[in-house]
Structure formats: C-alpha cells, structure tokens
Engineer: 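Attaching a single structure in structure tokens format; questions to follow.
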Amino acid sequence: MFKTLAPRTPEDDEPKATGKTAETAEKATAEKATETDEPASEPKSEPKSEPEGDRLKAAVAAWVATAEEPEAEESGAEESAETSADEPESEDEPEPEADGEAEPEDEVDDSEADDEPQDDEPDDEPGDASDDDESEADSDDDSDSEPVEDKAPTASWFAKRKPSDDEEPAEPSDDASEESAEDEPQDDEPVDQPTTMFKMVRPPVVDQPTTALKLPSALTADSDSERTSVFRALRPDIPAEQKAEKAEKAAKASQEAEKASAAPAAAPKAAGAKEAAPKAPAPAPVPAPAALAEAERTRQQPLPPLPPLDLLAELTNTPPPPPTPLRTTVRRLRIWTPLLLLLVIVFAIAQMVRPLPAPALTLSAEPTFTFGGGKLDMPWPGEGQGAVEVEGVGSMGLYGAQKPAPIASVTKTMTAYVILRDHPIKGKQQGPEITIDKKAADQAKATHESTAQVQEGQTYSERELLELLMIPSANNVARLLARWDAGSEAAFVEKMNAAAKELGMTQSTYTDPSGLLDSTVSTPQDQLKLAKAVMQYDVFRKIVNMPNLTVDGIPGRIENNNKILLEPGVSGIKTGSSTPAGGNLLWAANTVVDGQNRRVLGIVMGAKNAKILNDKLDLAIDYSLKLIQQAQKDVTSAAVVKKGQVLGYVDDGLGGRTPVVATKELKAVGWPGLQVKLELTDGGKAVPHSGKAGDIVGQVSIGTGTGKVSSPVALSADLVEPGFDKKLTRVG
C-alpha cells in the first residue's frame, strides 16, 4: 500500500491550507462533536449500506487534508474513524471479525503502540488476515482513482499522533487548542477501519553523521519544550570562496523549494464522495520516531590536539589571524620574555645566596732565592762514601757510591733510638733500674770487641747503660738492653728494622744490636735520617757530647772513642770500625748564624786507607773534621724577604686581589749557590673575606724543620667582600 519516497525537506512540511482542506477539517470537527455525545465505551461503526470503497476514499482524503493542515494537528488527534484507522483507542474492545466485515476496533493508546516492535513482518493474529483481505478488496474498488501509495505519511501525521512515554508531547497550536478545549476527549471513540492499513514499516538503522539527524520543523515549530540544540563540530576556517559557493547553492535550493511549495495542490473532496483525491507532490519520508529515539552512532575519529591559539580560536569561533613574520615574532616575544625574566630572577637570587669561595693567599714574589758567593766547594774524601746536611735547610752535598755497606758500631745509634723511643727519659731523669745478668757479665771478658766491665747482679739505670753504650761502645751492654727491652736479641732486631722503615731508611738492614756482624748495612743518607731523629732527644745529645765519664762499679775513667769531640762546635755522634766496614763516623756539629746555633749533620763511611783498624778510624775522623770546618765557614744567612715587600695577594675567588706585605725582614740560612724556596701560607688560620689594612692574614716561610724561618704577612689595603656585580657574574 505504501512505498518509500525520497526524504522530505523542512520546506515541504510547511502548512499549505486550502479552502477544501479547511472545509474538510470543519466537517471532521463537527462529526467529532456529535460523537462525543455518545458513550465512549460503545463502538462507533459506519452503516453497512455504505460501500467499502467509498469509505476508504473518504478516509484517504481526510488523511491528506489533515497532513497538509498543521493548524489542526492537536484537534485532529481524534478525528473520524476513517482518518484514525491506525490508532486503536482501547484495549478492551474486541478485534475485527475474521469474516471480512468491518468491525469497530478499540483505540489503543499511542504510547503503548509505540512501545510495540515495528517489525516488517505481519502479525499472526486472526484479525490481521481479515484486514489484509479487506485491504485487497478496497484496493480493487479504488482502481479508478489515484493510487493511495503516493500519499505517504508526512511530518504533520507524526505531530498528530500521540507521543509515547519516552517522547514529550508537542504543544498544541492556538487554533487546535481552542477547538479541543470545547470538545470532550475522543480517545475512547472506536474507528471502523483495519489497523494494518496504515502500519508503519520500521526503516533500517543507518549509521549517519550526527549532524544529519534533524527533527522536522512541524514537530518543533510550535513547542518550546521540543526545541533541541544542534551539535556542530568545530571545523577549520573555510575560505571566503568556498563560503560564497555554499551560500549561492543554498539560495538556489531555497528558491526551488519555494517554487515547489507555491504550486497549487488539489483539495480533497468531502468525506463520502466517490471522487478520487487529487494527486499531490510526493512528500519526502521522515525517519521514524523509533529511529530518532535510538542511540546515535558515529564513526568520526578524534582530531589531533591543536596549538593553544588555534584551539582558543576554535572554541570562540574566531579564526586565528593569518601568520606573518611580525606576528610570529611578537607572539614568540610574548611567550619567551616572561620565561626569560623569570629565569634571570631565579639565577640572580641563586647567585646572591650562594656561599662565597674561600679566599686564598697566592705568592706573587719570586718563589726561590739563590745565595751569592759562587759555588760551594766541600773537601770530599777520595775514598768511601758520605754526606753533609744542614738541619732544616738542606743537603750540602754527598760523595761516594751511596750503596749499603757495613757500619760497625754506628749501629748502636739505632739501638739507643729504640730504647729512648720506647722508654723515654728527659732532663736529669735516670730511668728504670736494670740488673746485669750473667750473659752480660761473661761477655765483658771478651778481648776481640769493645765491652764494659760490669758484674753480674749489679744494678744500673737506663741513663747509665746508654752512656756505656755510646761512649766506650760496649757490645755486651747493647745486647743487655736488647734483652731487657724486647725479651730477646732477635725480637729487638725486629724492632730496629721496623723503626728504620718508619724513618724512611729503605736501604738499611739490621741483624744485631751492636753492629759486630758485617751483615748490618746502611747508606749515608739513611744514617742522616736516623741522626736527625735521635738528636731530638736531649738526653741523647748530652750523652754523645761527653768526651769521658765515670760510672760506679767500674774502675777508672772511661774515655770517648770519638776524639773529634775536642774540636770546637763538634757534638757527637758515634764512631764505628771493623775490618769489613773500615773507619766510620756519624757526627754532628754546630755553627752560629745570626746569633743562633745551626746544626750540621754528616757521616763518613768506608775509610780504609790505613794498615791497622785504629788508623782507619782516625782517618775517618780526619775526613769528618775537614768537612765540619768547611761547613761551619760556608753556612751563612741572607735577607731573602725585606720588611714591607709585597709577597703576594689575597684572592677572593671572584677576581678580587688584595696585596699582602711582609711585616719584618726574613733571613734564610744557606751557603753559596744554595737555592731556597719561599712558601706563603695562612699560618693555620682561615683567611677572612674582609679586613683592614695591617691585619695579619698569613706568613711567609723558608726551609723546614729546625732550620725553618718565617715572617708574618699583613694586608697592604682594605680587604672588601665581593660586590653584587661579582656575585651575579661568577660562573665557577
């Protein structure tokens, strides 16, 4: 009975009232008013004498008139039975009989009808079969008239039908509201018309863009509650040429729609007439309400994120201005300028709160000073090996092979050092008492070595035994002290070698505490290291400077083997002689420089140019005396630093430099050709960040140890803490 036509445009749904349609609407209203006087529960049916085809034609004509009259949308909700054949009013009324006669059918609430599935397949109810037969009969009788399938339902019909529970009812128009207010509701009026005549076919669900779904204007024109917002996706700005083309196409389409709507449409004849309804333009099908109520689908993919300015333009529907070099530069300046300013502020604050670098003293004067007088000329012996050194200043030179060699009784110097280190005594202290054992008494009788005539059971102090060890060079006393200190001679030898290692005597080896064995060897430089260490004990210095001594229990006066002690300024240290070692002498002498004593240390090893052993020892003493006399003559002093001399500066670490000067004259001890080094230090105190001129900030020194001389240094100008500019521009 119906065929699907092209979709209608909103312009096609505009009301087109004609005289004929108005007359038909008035007649339908009058019939409804008459029907309201009857009980609602009784079915209303047409007289059987009226032909079925005439009734159908009248119904179609009334339906067409209703579709073209939007003013009668609300009042036509309950029109005559011919125009409301598809709206059952009550579920309590019986269905049409199967004998083909037109029985009244209950009106069903449109909300319930909308909830029923809109399947394309016909229902299997008995009443439907009779309705189909009746419909076929009607179509045969109307073969002379215009086909009904051209009259498809329009938007007005959808507006007229009752909304379902899920839909909001449209507001009635003014004219329809007045007419419906005067009449009683006609919901209970039966319609003598098969329901299958106008059964809608549910169109398939199409996945259309969301912007293509738009309700007809007839459903929303007269009701504010039915107005819905239209979603429009953000799009990029369209060029002006494309906008002009679209506007021109839209204007042409609007003109064609107006021409089509202005064409006169034949008004349908009154109900009951046998004439066929005039042919009207085919309305465009409107999507079924069921389809509109379904969830919308879309296949649109999310767009990639836009830049901030473009996104802002999209949200405000304002396109960004066209990019130009000037706009791009200005935009970059607006973005980066605040960031750069913030970074500069943070950098400045960080530079100000950073701790200042510690100031340091830097030497700017010459780092070395060379004594005048030419080159030092020492009377070095023609045999053996040796070395001379001014304590605290440096070495005056050395000669010979400088290889390990036997040192004979010079070994007792290490024995005395270990005893004093582990059992120190000072001043006039005598130390603990030590008893002479049988072994020491027996060794005192030996004739091939030097000994002390001690008796078993005698008791001597540590100081007395050290005197017997160093002056007569008693071997039996050296062994006695070793057993007393370490428990055994072997254990004491281990302590001797450990002490040598501590002093840096890398080329020395000790095998006995007396030096009688030729396996005890050393070098001149190693012995000078030992001499500097042991001469720090005042008890030892006094002992080795004694030419002779007297000890209780030992008859007579004991003479010192070191005859050089009789020479002026000589003060020790130890002699040693043996056939393998020859004559050896480790000595110490003093010289006065600028009113102060300066100690000169030296050693002569391997003097063998003599026939007998005593002559070899005397030869070593003679060699040593010549070296001592030359050293006492050549060792002198010189003014290395003058008072007020600029020696360096205080570096604040940020480029600032404040000069420092010596507060007094500084003289160094040396000899002709000696080169000494200057050292500028803080003197153990931290250099301040600020100070006034004349403040002591450090010292300048020359030499090391006992020969070290120093002078304070002071600021020659005010020391100022670095300013803001220096703090801000520092990098390191």
Side-chain angles (χ1 to χ4, degrees), residues 386 407-417 419-420 425 428 430-431 443-444 446-454 460-481 513-516 527 530-531 534-535 537-578 581-590 599-605 607 610 612-629 632:
I407 56 177
S409 292
V410 178
T411 304
K412 294 180 177 67
T413 307
M414 176 61 78
T415 303
Y417 172 74
I419 294 297
L420 288 173
I425 54 177
K428 295 182 179 182
Q430 299 298 317
Q443 292 175 355
T447 59
H448 62 282
E449 58 180 325
S450 59
T451 59
Q453 300 300 316
V454 294
Y460 295 96
S461 66
E462 176 186 350
R463 185 184 188 117
E464 290 175 333
L465 291 179
L466 288 174
E467 291 174 350
L468 293 174
L469 174 71
M470 299 302 295
I471 295 176
S473 187
N475 291 340
N476 60 337
V477 174
R479 300 184 188 103
L480 175 64
L481 289 173
S514 64
L516 183 62
Q527 289 302 306
L530 175 62
V534 75
M535 289 296 283
Y537 297 98
D538 58 343
V539 172
F540 182 82
R541 291 197 304 270
K542 291 180 180 179
I543 291 175
V544 297
N545 198 30
M546 296 173 63
N548 53 62
L549 80 153
T550 302
V551 178
D552 294 340
I554 300 176
R557 186 174 63 179
I558 304 173
E559 297 291 338
N560 196 331
N561 291 332
N562 189 8
K563 299 178 182 180
I564 200 174
L565 293 175
L566 301 176
E567 299 294 335
V570 180
S571 59
I573 298 177
K574 186 70 183 75
T575 60
S577 61
S578 67
N584 297 277
L585 177 61
L586 177 63
W587 54 266
N590 296 322
R599 183 180 295 125
V600 182
L601 302 174
I603 186 173
V604 172
M605 296 173 56
I612 61 175
L613 187 57
N614 288 335
D615 293 341
K616 294 180 180 178
L617 180 58
D618 293 341
L619 189 59
I621 293 174
D622 293 339
Y623 291 157
S624 298
L625 181 58
K626 293 179 180 179
L627 294 173
I628 291 172
Q629 293 174 348
Q632 291 175 339

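Residues: numbered from 1 along the sequence shown.
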Engineer: Please determine which of Asn548, Leu565, Thr575 meets the side-chain contact (heavy atoms from CB on, under 4.5 Å) test together with Asn560.
Structural biologist: Leu565

Engineer: At their closest point, which heavy atom of Pro513 faces which heavy atom of Ala478, and how far apart are they?
Structural biologist: O-CB, 3.9 Å

Engineer: Quick one: does any side-chain atom of Arg541 pair with a main-chain N or O of Met535 as donor and acceptor, under 3.5 Å?
Structural biologist: yes

Engineer: Roughly how far, to the nearest 0.5 Å, is CD1 of Ile407 from CG of Leu585?
Structural biologist: 12.5 Å

Engineer: To the nearest 0.5 Å, what is the distance between CG on Leu420 and OG1 on Thr415?
Structural biologist: 11.0 Å

Engineer: To the nearest 0.5 Å, what is the distance between CD on Gln629 and CD on Gln632?
Structural biologist: 7.0 Å

Engineer: Please report the closest heavy-atom contact between Ser450 and Pro472, naming both atoms and the distance.
Structural biologist: CB-O, 3.8 Å

Engineer: For Asp552, is there any backbone N or O sitting under 3.5 Å from a side-chain donor or acceptor partner on Tyr460?
Structural biologist: yes

Engineer: Between atom CG of Asn562 and atom CG of Leu586, what is the distance when rounded to the nearest 0.5 Å?
Structural biologist: 9.5 Å

Engineer: Answer yes or no: is there a donor N or O on one side and an acceptor on the other, between the side chain of Ser473 and the main chain of Met470, under 3.5 Å?
Structural biologist: no

Engineer: State, to 0.1 Å, how close Val544 and Ser571 come at their nearest heavy-atom pair, and which atoms those are.
Structural biologist: CG2-O, 3.7 Å

Engineer: Under 4.5 Å between any side-chain heavy atoms of Glu559 and Pro547, yes or no?
Structural biologist: no

Engineer: Quick one: closest heavy-atom pair of Ala474 and Thr451, and the distance?
Structural biologist: CB-C, 3.7 Å

Engineer: Do any N or O atoms from the side chain of Glu449 and from the backbone of Thr447 form a donor-acceptor pair under 3.5 angstrom?
Structural biologist: no

Engineer: Rounded to the nearest 0.5 Å, how far apart are CG of Leu601 and CD1 of Ile573?
Structural biologist: 5.5 Å

Engineer: May I ask you to test the Ile425-Gln430 pair for a side-chain heavy-atom distance under 4.5 Å?
Structural biologist: no

Engineer: Would you name the heavy atoms of Leu549 and Glu467 that are closest together and state the gap between them?
Structural biologist: CD1-OE1, 3.3 Å

Engineer: Could you walk me through whether Phe540 and Thr413 pass the side-chain contact (heavy atoms from CB on, under 4.5 Å) check?
Structural biologist: CA-CA 10 Å; Phe540 182 82; Thr413 307; 4.3 Å; yes

Engineer: For Ile564 and Ile628: C-alpha separation, side-chain torsions, deciding distance, then whether side-chain contact (heavy atoms from CB on, under 4.5 Å) applies.
Structural biologist: CA-CA 10 Å; Ile564 200 174; Ile628 291 172; 3.7 Å; yes

Engineer: I need the single residue from Val477, Leu481, Asn475 that forms a side-chain contact (heavy atoms from CB on, under 4.5 Å) with Arg479. Which is it?
Structural biologist: Asn475

Engineer: Could you give the distance from CG (Asn561) to OG (Ser409), rounded to the nearest 0.5 Å?
Structural biologist: 8.0 Å

Engineer: Ignoring hydrogens and angles, state whether a donor on the side chain of Lys574 or Asn584 is under 3.5 Å from an acceptor on the partner side chain.
Structural biologist: no

Engineer: Provide the closest heavy-atom pair for Ile603 versus Trp587 in the form atom of the first, atom of the second, distance.
Structural biologist: N-NE1, 3.6 Å

Engineer: Is there a side-chain contact between Ile558 and Leu468, using heavy atoms and a 4.5 Å cut-off?
Structural biologist: yes

Engineer: Met414 and Leu530: side-chain contact (heavy atoms from CB on, under 4.5 Å), yes or no, with the steps?
Structural biologist: CA-CA 7 Å; Met414 176 61 78; Leu530 175 62; 3.8 Å; yes

Engineer: Does any non-hydrogen side-chain atom of Leu480 lie less than 4.5 Å from one of Val454?
Structural biologist: no

Engineer: Look only at the side chain of Glu464 and the backbone of Ser461, and say whether a donor-acceptor pair between them is shorter than 3.5 Å.
Structural biologist: yes

Engineer: Is the shortest side-chain heavy-atom distance between Tyr623 and Leu619 below 4.5 Å?
Structural biologist: yes

